[in-house]
Chemist: 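A single structure is presented below for examination.
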Protein chains: 2
Amino acid sequence: MKNNQGLVRRRGRPPAFDRREVLERAAKIFWRRGYEGASIVDLTDAMGITAQSLYAAFGSKAQLYREALDWYRAALGAITPEALDAPDAIAVLSALLRDQARAFTDPAYPPGCMIATAALGCAEENDPVSAMVADLRHASVALVRARLERAIVEGDLRPDADPVALARFVGAVIQGLSVQARDGAGADELVAVAELAAMELARHRA
Amino acid sequence: MKNNQGLVRRRGRPPAFDRREVLERAAKIFWRRGYEGASIVDLTDAMGITAQSLYAAFGSKAQLYREALDWYRAALGAITPEALDAPDAIAVLSALLRDQARAFTDPAYPPGCMIATAALGCAEENDPVSAMVADLRHASVALVRARLERAIVEGDLRPDADPVALARFVGAVIQGLSVQARDGAGADELVAVAELAAMELARHRA
DNA sequence: AATTTATCACAGTGATCGCTACGTAATATC
DNA sequence: GATATTACGTAGCGATCACTGTGATAAATT
C-alpha cells in the first residue's frame with residue numbers, strides 16, 4: 001500500500017504497514033526507554049504491529065535497535081561531516097552545541113540524545129549493544145576532533161590548542177546536556193550551558 | 001562473627017556476613033551494571049550470600065540500591081557542602097572537576113560515576129528509581145550553585161556571572177566525564193577535559 | 001486459478017525476572 | 001540442656017523476557 005514504492009517487485013501480499021513509520025515509532029520508544037528498558041510488548045504496542053511482523057521485518061530486537069539508531073542519525077541527531085564543513089570551526093561547534101541543547105528539549109521528541117546517554121551500564125548479555133552505541137559516540141568525537149585539527153591548519157584555532165581535548169570537551173558537554181534534558185531541564189537552561197562551553201571554545205580562537 | 005560488634009545484643013543465630021562489606025560488593029555491581037542491568041543473581045553471586053539473606057538484610061532490590069547509593073556517596077562520590085566549603089570557589093570547583101576525572105578512571109573501581117550517568121532511560125516500572133537518582137543529581141548541582149552564589153557575595157566570582165548556568169555547566173561536564181570514562185577514556189584524557197572546563201570557570205573570576 | 005507472501009490471533013517455547021515458603025542448622029537467652 | 005530466635009540452603013512461586021510455531025485468511029503476483 002504505502003510502502004514498497006515500485007522499487008522491488010515481489011510476489012505475495014505486501015506488508016500492511018509503512019516500514020519507515022513503524023521504525024520511527026520503535027526508535028522513539030528506544031530513545032525514551034533505552035535498549036533494555038524497551039520490551040517487545042512496548043515496541044509492538046507503539047508500532048501497531050504484532051511480534052511476528054516485527055521479527056519478519058527487522059529480525060531481532062538488537063537489529064531493530066540498530067536500524068532505530070540509523071533512523072535517529074539520519075533524521076535528527078547526526079554530527080555529520082557535512083554539518084561540520086562550514087567555515088569557522090568555532091562558530092560551527094558553538095552552533096552545534098546550541099542546536100543540540102534545543103534538540104534535546106524539543107517537546108516533539110523524547111528528551112535528551114538517543115546516542116549520547118544510551119546503554120551506559122547494562123546487563124552483561126547486552127554488552128555488545130552497549131559497545132555499538134559507544135562506537136557511535138567515539139565516531140562523533142573523532143569528527144569534531146578532525147574538524148578542530150583542520151581549524152588549526154586553516155588558522156581558525158590557535159596552533160597550541162589541543163584538538164583531542166577540545167573535541168572530548170565538546171562531547172562531554174553534549175553528553176551532560178543530554179543527561180540534564182532527561183532530568184527535565186528546559187531549552188533556555190541548556191542553551192545557557194552550551195553558550196558557556198562555546199565561550200571556552202572561543203578562548204582558543206587564533 | 002565479624003559484624004554486630006557488641007552494639008545491639010540479639011538472640012538467635014548471627015549473620016555470617018559483614019553487612020557493610022556485602023553492601024559494598026553489591027554497590028559495585030550496581031555501579032557497573034546499573035539498577036536494571038544488575039540481576040539478583042549477579043548481586044548475590046558478588047555478595048557471596050543467598051537471595052534469602054539479601055532480602056532479610058535489605059528488604060528489596062530497590063532498597064538495596066538506595067543503600068548502595070548511600071554507600072557510594074559516603075565513601076566516594078559525594079559532592080558535600082564540606083568539600084565545597086574551602087575558600088576560592090573557582091579553585092574548589094576546578095579541583096572537584098579534576099578529582100572526579102581521576103576518580104571516574106580509578107582502576108580500583110568501576111568506571112564513571114554511580115550517580116551522574118545512572119538510570120537514564122529505564123523500563124516504566126522503574127521510573128521511581130530513575131527519579132530518585134535524578135534527584136541526587138539535582139541536589140549536587142544545587143550545592144554547586146549555592147557555592148557559586150556565595151562566591152559572588154564573597155567577591156570570588158564576578159557579580160554578573162550566572163551561578164545557575166555555571167552550576168549546570170559544571171554538572172554537565174562531570175556527567176560527560178562519566179560517560180567517557182564508561183566508554184574507556186583514561187585519566188589523563190579526562191583531566192584535560194576537566195581543565196578546559198576549569199578555564200571557563202576562571203573566566204568568571206572577579 | 002495457482003502461487004506466494006503477509007496478516008492476524010492464539011499459543012507456547014525455555015530462560016530469567018524479582019521474590020519467597022519451607023525445613024534445617026546454628027547461636028542466643030534462660 | 002531446653003527453648004526461642006535467626007540465618008542458611010534448597011526449591012520454587014507467578015510474571016515477564018525475547019522469540020517462535022500454528023493455522024486461517026487476505027492480497028499481491030504469475
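We use all heavy atoms of the structure for the numbers below, so side chains are in, but hydrogens, waters and symmetry mates are not. Residue numbers begin at 1 in each chain, while the letters A, B, ... track the order of the sequences.
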Chemist: Taking N or O atoms only and anything under 3.5 Å, show me the protein contacts with nucleotides 13-15 of chain C, one pair per line.
Modeler:
none

Chemist: Using the side-chain heavy atoms of A:A51, tell me which of these nucleotides is nearest: D:dT20, C:dC19, C:dA9.
Modeler: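 Selected nucleotide (nearest to the side chain): D:dT20.
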
Chemist: With a 4.0 Å cut-off on heavy atoms, is B:A38 in touch with a base, just the backbone sugar-phosphate, or nothing at all?
Modeler: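 Sugar-phosphate, backbone atoms only, no base.
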
Chemist: Given D:dC19, is OP1 or OP2 found less than 4.0 Å from the side-chain N or O atoms of A:Y55?
Modeler: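 It does, given that an N or O in the side chain of A:Y55 lies less than 4.0 Å from OP1 or OP2 of D:dC19.
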
Chemist: Hey, does A:I152 have a side-chain heavy atom less than 4.5 Å from the side chain of A:P163?
Modeler: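 In contact.
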
Chemist: Rounded to the nearest Å, what distance is computed from the OH atom of residue A:Y65 to the C1' atom of nucleotide D:dA18?
Modeler: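 Distance check: A:Y65 OH to D:dA18 C1' gives 17 Å.
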
Chemist: For the residue pair B:Q63 and B:S60, establish whether any side-chain heavy-atom pair is separated by less than 4.5 Å.
Modeler: yes

Chemist: I need the CE-P distance between A:M47 and C:dT7, as an integer number of Å.
Modeler: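 Going from CE in A:M47 over to P in C:dT7 covers 11 Å.
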
Chemist: D:dT16 P sits how many Å from B:N126 CG, rounded?
Modeler: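 So the CG-P distance, B:N126 to D:dT16, works out to 13 Å.
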
Chemist: Hey, what do you get for CD (B:E36) to NZ (B:K61), rounding to the nearest 0.5 Å?
Modeler: 7.0 Å

Chemist: Provide the full list of salt bridge (Lys or Arg N to Asp or Glu O under 4.0 Å) pairs with a residue in residues 67-86 of chain B, sequence neighbours left out, each pair given once.
Modeler: B:R19-B:E67, B:D70-B:R73, B:D85-B:R150

Chemist: Nearest to the side chain of A:F17, heavy atoms from C-beta on, is which of D:dG21, D:dA18, C:dT7?
Modeler: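 From the listed options, C:dT7 comes nearest.
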
Chemist: By nearest nucleotide on DNA chain D, pick out whichever of B:A56 and B:E125 is the more 5' one.
Modeler: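 Its nearest nucleotide being more 5', the pick is B:A56.
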
Chemist: I need the single residue from A:F30, A:Y109, A:W31 that forms a ring pair (Phe, Tyr, Trp, His ring centres under 6.0 Å) with A:Y72. Which is it?
Modeler: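 Only one option passes, and that is A:W31.
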
Chemist: What is the separation between atom NZ on B:K61 and atom P on D:dT16, rounded to the nearest whole Å?
Modeler: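 To the nearest whole Å, that distance equals 16 Å.
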
Chemist: Any side-chain N or O of A:S39 below 4.0 angstrom from OP1/OP2 of D:dC17?
Modeler: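 Yes, such a contact exists.
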
Chemist: Rounded to whole angstroms, how far apart are CZ on B:R19 and P on D:dT6?
Modeler: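 It is 16 Å, rounded to the nearest whole Å.
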
Chemist: Taking atom P of D:dT16 as reference, at what distance in whole Å does atom CD of A:E36 sit?
Modeler: 18 Å

Chemist: Would you say A:S53 places a side-chain N or O within less than 4.0 Å of OP1 or OP2 belonging to C:dA6?
Modeler: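 Looking at the OP1 and OP2 atoms of C:dA6, neither is under 4.0 Å from any side-chain N or O of A:S53.
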
Chemist: I want to check something: taking the side chain as every heavy atom from C-beta on, are B:L201 and B:L97 in contact at a cut-off of under 4.5 Å?
Modeler: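 Yes, their side chains come closer than 4.5 Å.
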
Chemist: Calculate the interatomic distance between B:F58 atom CZ and D:dA7 atom P; express it in whole Å.
Modeler: 12 Å

Chemist: With respect to the side chain of A:Q52, which nucleotide from C:dA21, D:dA18, D:dT20 is positioned closest?
Modeler: D:dT20

Chemist: Can you see whether A:D127 engages A:S130 through a side-chain donor-acceptor pair at a distance of less than 3.5 angstrom?
Modeler: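 Distance-only check fails for A:D127 and A:S130.
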
Chemist: Could you state the atom-to-atom distance from CG of B:L64 to C1' of C:dG18 in whole Å?
Modeler: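 Taking atom C1' of C:dG18 as the reference, CG of B:L64 is at 12 Å.
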
